[in-house]
Number of protein chains: 2
Amino acid sequence: MLPSSTVENYLKAIYLGVAALTKPHRLLPMGQLACALGVAPGTATTMVKTLAESGLVEYEPYTGVALTEAGEKLAALVVRRHRVVELFLVQVMGYRWDEVHDEAEQLEHAVSDRLVDRMDEMLGRPAVDPHGDPIPDQEGVITPQPAQSLLTCPLNTPVTITRVIDQDKSFLRFIENHHLKPGESIEVEDRDSASDSVRVRGKDDHHITIGTRAASKVLVHTPAAAAILLELVTSA
Amino acid sequence: MLPSSTVENYLKAIYLGVAALTKPHRLLPMGQLACALGVAPGTATTMVKTLAESGLVEYEPYTGVALTEAGEKLAALVVRRHRVVELFLVQVMGYRWDEVHDEAEQLEHAVSDRLVDRMDEMLGRPAVDPHGDPIPDQEGVITPQPAQSLLTCPLNTPVTITRVIDQDKSFLRFIENHHLKPGESIEVEDRDSASDSVRVRGKDDHHITIGTRAASKVLVHTPAAAAILLELVTSA
DNA sequence: GAAGTATTTTTGACTAATCAAAATGCTGGT
DNA sequence: ACCAGCATTTTGATTAGTCAAAAATACTTC
Ligand SMILES: [Mn+2]
Ligand SMILES: [Mn+2]
Ligand SMILES: [Mn+2]
Ligand SMILES: [Mn+2]
């Protein structure tokens, strides 16, 4: 049986939910899953039990859920479709980066593997989508990126923004208006736990102060990390 | 309520089914509808009754079904999405004309009006899809084309192939291999009711004989019709 | 460790879409 | 006018997915 859109959405939510867990190698609680899917808690429980029957997830009652090997591959391919479509919409169809998520949310269940691969080819086999989210390859594998956020990177050191983890339109607009999109070079000047904020110097000496909640959603590459990456590439 | 894919499929099947009826201004029988959708007869009856409740179709028990104003507009927009997507797949994504139907069958329910319009714009507001099927405009309106087939057009008179009414892969391949795609200029040399066949002279004096069943699926413009069309355009 | 709170599971019910097979209605030919 | 055959509708049942609210369990706090 090929998975329904509903099953695909559950698998994707578990995939992304587990990845976003603070403690790694943990199970995603039913409450979080239900919330991510906009569904009643009992609905998530029921669905997860049938997913467990099909061998796509492992389910520990009162504890949570995680993907099996098979489930993870399926989920990764849904995520791949989503992200390739998002980049296609921006690069080929002229969409803005804050407009693509909803459209991709539908298309991820409708595009064939064939079409996704055509898009992927046309885009030059990209590694990341418009938000800097990594794109799984045809096997569902992601090469992990060393990630730091504006909250954890070194101060007064040039860093490059690589990823913005939030699909909210107004947040993405805000980021764009203040030149904090992936690719921009910036420095974190100061962090103040009292005011719960982070001061950033962008290009043209444009200064901007943002809350820590927002700062944690902006990921960067440090020069050091970039050097390590470069070394990996050249040694291969 | 926005219509489900199922409702969209029923409306589209009625739209296309009624158009293909030999006697015009008739109702589509349940049997034909059920067959077009690959569904049991009873299922079609039940669904049509609920569509009638929603005011999308008019249903005459034991007789058949037709679209209301509202249903026809919705159906035409589904057809529009299907055909714009098909042309996009051919022109932009490099698909062959015999490969696009299945993909479009899924995408017609997933692409937003916004995305369809972007495709439409990118394609230069085309009038027909890769098979010569007319594309409804944003309002769902089609400007009717005067249609003749290889079975009805004048003999030994140059005509231009404009449309091939069949989604079957092998038939489309056959048409392509014998240079009978939309745009080609040909002449019908002879029709023989005894052998149930039609002899056609294509380009390079390539001759080909096909059955009447196949011939009826290849539509053409006669020079006369083309002249009338041209007149309409210039007088406007 | 008992009590209270938060989370999770169970229960019972509902909607959309479908099928198989029985019942019904229509129609053409004698 | 009748009946046989065919199309259509009805009936009864099934599956996927969902919710609200009750019951069960786990976690916190004292
Ligand atoms: Mn997205
Ligand atoms: Mn993204
Ligand atoms: Mn088609
Ligand atoms: Mn077509």
Side-chain angles (χ1 to χ4, degrees), chain A residues 1-14 17-18 20-23 26-66 71 74-75 78 105-106 108-110, chain B residues 1-14 17-18 20-23 26-66 71 74-75 78 105-106 108-110:
Chain A
M1 306 284 162
L2 87 167
S4 66
S5 311
T6 303
V7 167
E8 289 187 342
N9 281 332
Y10 274 84
L11 294 177
K12 189 181 60 157
I14 297 166
V18 168
L21 244 34
T22 46
K23 308 279 178 193
R26 284 290 322 249
L27 298 173
L28 183 70
M30 287 301 126
Q32 262 174 259
L33 178 58
C35 174
L37 290 163
V39 103
T43 304
T45 300
T46 308
M47 187 65 193
V48 160
K49 282 200 284 194
T50 78
L51 290 177
E53 301 274 307
S54 332
L56 295 171
V57 306
E58 261 157 74
Y59 168 53
E60 186 88 30
Y62 292 102
T63 306
V65 64
L74 272 179
V78 177
E105 208 59 39
Q106 296 307 122
E108 68 188 2
H109 310 295
Chain B
M1 309 280 163
L2 87 169
S4 66
S5 312
T6 303
V7 167
E8 290 187 343
N9 280 331
Y10 274 83
L11 294 178
K12 186 179 64 156
I14 297 167
V18 168
L21 245 31
T22 45
K23 308 281 176 191
R26 284 291 320 251
L27 297 174
L28 183 70
M30 288 301 125
Q32 261 174 261
L33 178 60
C35 174
L37 290 163
V39 102
T43 305
T45 300
T46 309
M47 188 64 192
V48 160
K49 282 200 283 194
T50 78
L51 290 177
E53 302 274 307
S54 331
L56 294 171
V57 306
E58 261 158 74
Y59 168 53
E60 185 87 30
Y62 292 102
T63 306
V65 65
L74 272 179
V78 177
E105 209 60 40
Q106 297 308 123
E108 68 188 1
H109 309 294

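Proteins get letters first, then strands, A, B, ... in listed order; numbering begins at 1 in each.
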Worksheet item: Is the closest side-chain heavy-atom distance between A:V78 and A:L11 below 4.5 Å?
Response: no

Discussion item. Can you list, in residue-number order, the parts of residues 26-33 of chain B that come under 4.0 Å of DNA chain D, counting heavy atoms only?
Written reply: B:P29, B:M30, B:G31

Worksheet item: Could you give the distance from CD (A:E8) to CG (A:L2), rounded to the nearest 0.5 Å?
Response: 7.5 Å

Fill in: Nucleotide range of DNA chain D lying under 4.0 Å from chain B heavy atoms
D:dT8 to D:dT10

For residues 48-60 of chain A, tabulate all N or O donor-acceptor pairs below 3.5 Å that involve a side-chain atom, not counting sequence neighbours.
{"from": "A:T50", "atom 1": "OG1", "to": "A:M47", "atom 2": "O", "distance (Å)": "3.0"}
{"from": "A:S54", "atom 1": "OG", "to": "A:T50", "atom 2": "O", "distance (Å)": "2.9"}

Worksheet item: Rounded to the nearest 0.5 Å, how far apart are CD of A:Q32 and CG of A:L37?
Response: 11.5 Å

Worksheet item: What bend angle does the helix from C:dG1-D:dC30 to C:dT30-D:dA1 show across its length, from five-pair end axes and to the nearest 10 degrees?
Response: 10°

Worksheet item: Is it true that a side-chain atom of A:T45 and a backbone atom of A:T43 form a donor plus acceptor pair closer than 3.5 Å?
Response: no

Discussion item. Side chain to side chain contact (heavy atoms under 4.5 Å, CB included), that's the test. Do A:H109 and B:H109 meet it? Break it down for me.
Written reply: CA-CA 10 Å; A:H109 310 295; B:H109 309 294; over 6 Å; no

Could you list all N or O pairs between the protein and nucleotides 16-20 of chain C that sit under 3.5 Å apart?
{"from": "C:dA17", "atom 1": "OP1", "to": "B:S4", "atom 2": "OG", "distance (Å)": "2.6"}
{"from": "C:dT18", "atom 1": "OP2", "to": "B:Y10", "atom 2": "OH", "distance (Å)": "3.2"}
{"from": "C:dC19", "atom 1": "OP2", "to": "B:A40", "atom 2": "N", "distance (Å)": "2.9"}
{"from": "C:dC19", "atom 1": "OP2", "to": "B:T43", "atom 2": "OG1", "distance (Å)": "2.6"}

Worksheet item: Is any side-chain N or O of A:K49 closer than 4.0 Å to OP1 or OP2 of C:dT9?
Response: no

Discussion item. Tell me which residues in residues 53-62 of chain B lie within less than 4.0 Å of DNA chain C, going by non-hydrogen atoms.
Written reply: B:Y62

Fill in: Exercise: identify the closest heavy-atom pair between B:A44 and B:A34
CB-CB, 3.9 Å

Worksheet item: A:V65 and A:V18: which non-hydrogen atoms are nearest, and at how many Å?
Response: O-CG2, 4.1 Å

Worksheet entry | From OG1 (B:T63) to CZ (B:R26), nearest 0.5 Å | 8.0 Å

